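To keep things clear, I will list the structure first and then write my remarks on it.
Just so it is clear, the structure is predicted and the values come from calculations on it, not from any experiment. Throughout, residue positions are numbered sequentially from 1 according to the sequence presented.
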Amino acid sequence: MRHSERDVPGAAYLDLIEAVERGAVDGDNVLDFPVGVSDTYIVELSTWARMTAILLERIISDAGSVRRAAKFLDVPRSTLGSWRVRAKRELA
């Protein structure tokens, strides 16, 4: 991509696409979802905090445990636990 094109909105996205096409980005294009965890979730429009709380609870439920959900989300279990505590307050 020419330097003058880099200031165009979406240029970073186009750079990423080019890198993937050239093989510069590692990966086998396979997403490893735990059994039961969906690759798509639909959350009803609400406050940001409520939407994230609902999404978090669905992922934990689908993963079957906080430990598996934390591994799937690539966060420490303790971090996910604290997120869940805040989420439960939002849903109460």
Q) Any idea which heavy atoms bring Ala70 and Leu80 closest together, and the distance? A)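 Minimum heavy-atom contact is N-CD2, 3.3 Å.
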**Q.** Linked, directly or transitively: Ile54 and Leu45 (ILVMFWY side chains, under 4.5 Å)
**A.**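 Result: yes, single cluster for both.
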Value rounded to 0.5 Å, distance of [atom1] in [X] from [atom2] in [Y]:
X: Leu73; Y: Trp83; atom1: CG; atom2: CH2; value: 6.5 Å
X: Asp62; Y: Ile59; atom1: CG; atom2: CD1; value: 8.0 Å
X: Ile60; Y: Arg67; atom1: CD1; atom2: CZ; value: 13.0 Å

Q: Could you tell me whether the side chain of Arg86 and the main chain of Gly81 form a donor-acceptor pair under 3.5 Å?
A: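 No, the answer is negative, given that no donor and acceptor are paired below the 3.5 Å cut-off.
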Q) What side chain to side chain donor-acceptor pair (under 3.5 Å) pairs are there with at least one residue in residues 44-56, not counting sequence neighbours? A)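 Listed by first then second residue: nothing to list.
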Q) Considering only heavy atoms from C-beta outward, does the side chain of Lys71 approach that of Arg68 to under 4.5 Å? A)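 Side chain of Lys71 against side chain of Arg68, heavy atoms only: no contact under 4.5 Å found.
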Q. Can you list the residues that meet the side chain to side chain contact (heavy atoms under 4.5 Å, CB included) rule with Lys88, with sequence neighbours excluded?
A.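 For Lys88, the residues satisfying side chain to side chain contact (heavy atoms under 4.5 Å, CB included) (neighbours in sequence not counted) are Glu57, Arg84.
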